[in-house]
Amino acid sequence: MTSALLVPTYPSLAAPALQGAAQVPAHEVSLAVTLLFAALLVGMILCLAFEEKLHAQKSLIVGLFAVVTLLAGAVLLPLPYGPYLIGEQEIALPVYIPAIDWGVITIILGASLFVDVTSRSGLFTWIAIWLTKTSRGDPRRLLWYYGFMTVAFSAVLNNVTAMIIVGSLSAVSLAKLERSDKLLGFLLVEGLLTNVGGLLTLISSVPNIIVGTAAGISFVAFFIKAAPFVLFVTIATLLLGARIFEIRGLATPEETEEAARLVEGFDERDGIESRGFFWFGAVMLVLFIVAIATASVTPYVQDLGMGFIALAFAAVMLIRYKHECDEFYRTVDWDLLAFFAALFVVISVMEHAQVLAFIGRGVEALIALGPRAGTAAVLLSSAAFSSVTDNIPLAAMLAKIVAGIPVPGGGVHPPGDPLWWAVIFGANLGGNLTPIGSASTLVAVTIMHKHNVPLSFVAFVRKAFPFAALHLALAVGYVLIGT
Amino acid sequence: MTRVDQFESVFRSAARTVFEPKSIEIESVLVVCDRDGSNAEEFAARSRSFLDVLDKRENLHWTTVQGGEFRTVPDLLDRVETAHPGLICTHRHLHSESWRWPYTLGEYVDVLTQATTTPVLVIPHPERPEFQQLAGRRPRAVMAMTNHLTGDHRLVNYAAHFTEPEGRLLLGHVEDDADFERYMEAISKISTINTDMARAEIHARLLKDPEDYINSCREGLARSAPGLTVEAMVTSGHHIRTYRRLIEEHEVDLLVMNTKDEDQLAMHGLAYSLAIELRAIPLLML
């Protein structure tokens, strides 16, 4: 993460976060000031947790806190105003501009534009409907297909988009099969699996991008480490889901024939406007994944970063809609992007106010429990926090903290250190404990309500707990294998 | 959450209603007319000749109820209940002179179409010239007519069953302009909906669903009735005028329509309006 806010003569805005964090100088800040800023941080986290009650969007909540913390920082802290040295040139920038991690912002902006345009080709709906037909309407087979599709879509798209696609398909196809009584089970399992699928690659979820970038984990290394866990947990979740929600296969030949006839009515070509663009979208999606996967080793591209790849692919895809690009710009989740920008500003000020160092001492205390117990404690506490609040600020904060914790023998935690993985697994899987723990489970609950399958907060926790407990137990075991 | 709705729309659009072919079994036909003796026999013979396609296919058992055998509606209903036929073949304005005016079907046919579950074939009145022309007429061009064709498997199956093996099955779906314009007017007053886009998209969608369904009927019937030519008549306009135009343009020999509606006791408006106006062609009222 760029830390030019703290290092006015930072060599490059694209420099790795680890380097930046290691260069954070210690300021003389009184404990009272640190506690004041810590209170602001707690206030922001609480407001995010009660976002629904406040009827305010994330960007505004965090934006207001960014304004207050910046003002308080200007009064109480020695903020490092520019000019900033970029390459050989000194550039004057407002103090809050270099505080933002533009690498993360450009990945999210580019990837969401790319995915939006690609989905217009009908590719994702084609896959979803083709799988539905392949299941021949057997509910158990449908659960397995949709489960793996959720994981795959969560890995390639963002979790919310994956949940929207698979959740809406589940509602429509179960209604068509006259099995809407199973909708709750399908949506809950899919919602939980979005967070599992979100662990598959470096770009599958924002915490992965933030922590992975801070830790210097490459796309391939991330995938190799996460894939076996994701596969195993997906199978376990589907087995448990089929058992708890009594999703069984079709029993009689008549039922099988009737279900097959009903799903036969789905036409996977319905959403395809142009076959040429459909195939172009499919090829571009594969190339996008390959480009992202090889970003760290591709000459020239490695200097430009993954954000460049995402934006470049989005630009190429937009050529198809050159007269109506603005339509896609409107569909970008500007609330999310503004939220990130404001969050990075808040975190930077918190770092400067020694709040992160203060929390870091707590994390250090956890780590001091020992390599195994400490790592497990970090994972479980990350999960506990991310179950009640947004996992993005948590990930951003913990990434900074872990990057700043010195390791015995000097230096910082290497990319393969279990501590990084404890943060990644905890931040992602914690979202499965409550309906507000992640945006995708919230989408799942919203689809349930839309289809008159209400599930209260407590009921969600009760139904999701066996799954979440299983996920966390497996995650602890898996991460500890590497210690 | 608008994106949930967007994707649900995409998937609902892809979930098409597929035609379900089902064989129609008619074992007996009850011919009802208000004539007696040779006139009644002539009516029965003309009806039988028109339905030659069914006779050849199923070796039907024919019974005739002559005019002297019933004097009231309950009498006729008793005869129908006793015979328990698969099809009633009759003409409008039984025991009435009102056949000269296109204002009703006559009390007997009105009640028959609603009080029994048996399909009723209404032949042109014996006094009309079209009745005389019925001798050489066969159901070569049969039109199934409704204002909501998609999913109406029974209507299509009946229409196909009554069509000559090498005949034309015309599947009609007319979206009523008056209804459409009424909704468009409401939409034009809602600032959050783009009126032009709504007009184009809703109109296209209203016509696409029946077209997709007709395509699936074509595929389904290609297996069960390979000689049949299935033609789509999907359009928008004034219900009655458009159907009348289509019937004339395509020289329809038999019009098949639904006359029972779960929500109302009387025959629903469109079917009744058409039934009383179209006096020159046989009507199969389901």
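So that the names make sense, note that chain A is the first sequence line, chain B the second, and so on, each numbered from 1. Just so it is clear, the values below take in all heavy atoms, side chains as well, and ignore hydrogens, waters and symmetry mates.
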**Report entry** More than 12 heavy atoms of other groups within 6.0 Å of B:Glu249 CD
**Finding:** yes
Query - Working for side-chain contact (heavy atoms from CB on, under 4.5 Å), residues A:Leu169 and B:Glu8 - result: CA-CA 6 Å; A:Leu169 175 65; B:Glu8 282 194 5; over 6 Å; no
Report task. Verify, without hydrogens or angle tests, whether A:Lys450 (side chain) and B:Asp5 (backbone) share a donor-acceptor contact under 3.5 angstrom. Result -> no
Query raised in the report: Should we say atom CZ of A:Arg320 is surrounded by more than 12 heavy atoms from elsewhere, each under 6.0 Å from it?
Result: yes
**Report entry** Exceeds 12 heavy-atom contacts within 6.0 angstrom, atom CZ of B:Arg205
**Finding:** yes
Report task. Count the heavy atoms belonging to other residues, nucleotides or ligands that lie under 6.0 Å from NZ of B:Lys22, then report whether that count exceeds 12. Result -> no
Report summary line: Distance col, row B:Phe7:CZ vs A:Ile447:CD1, nearest 0.5 angstrom, shows 11.0 Å
Query raised in the report: Crowded around A:Asp326 CG? As in, over 12 foreign heavy atoms under 6.0 Å?
Result: yes
Query raised in the report: Taking A:Leu262, A:Thr125, A:Ile129 one by one, which has the highest count of heavy-atom pairs under 4.5 Å against chain B?
Result: A:Thr125
Requested in this report: To the nearest 0.5 angstrom, please state how far the CG atom of A:Asp270 sits from the CZ atom of B:Phe11.
Outcome: 10.5 Å
**Report entry** Segment of A:Arg261 engaging chain B (4.5 angstrom heavy-atom cut-off)
**Finding:** side chain
Requested in this report: With a 4.5 angstrom heavy-atom cut-off, could you sort out which part of A:Ala128 is near chain B: side chain, backbone, both or neither?
Outcome: side chain
Report task. Answer yes or no: are there more than 12 heavy-atom neighbours, outside A:Arg269 itself, under 6.0 Å from its atom CZ? Result -> no
Query raised in the report: Which heavy atom of A:Val172 sits nearest a heavy atom of B:Ala15, and at what distance?
Result: CG1-CB, 4.4 Å
Query raised in the report: Taking atom OG of A:Ser173 and atom CZ of B:Arg12, what is their separation to the nearest 0.5 Å?
Result: 11.5 Å
Report task. Evaluate whether atom CD of B:Glu81 has more than 12 neighbouring non-hydrogen atoms of other residues, nucleotides or ligands under 6.0 angstrom away. Result -> no
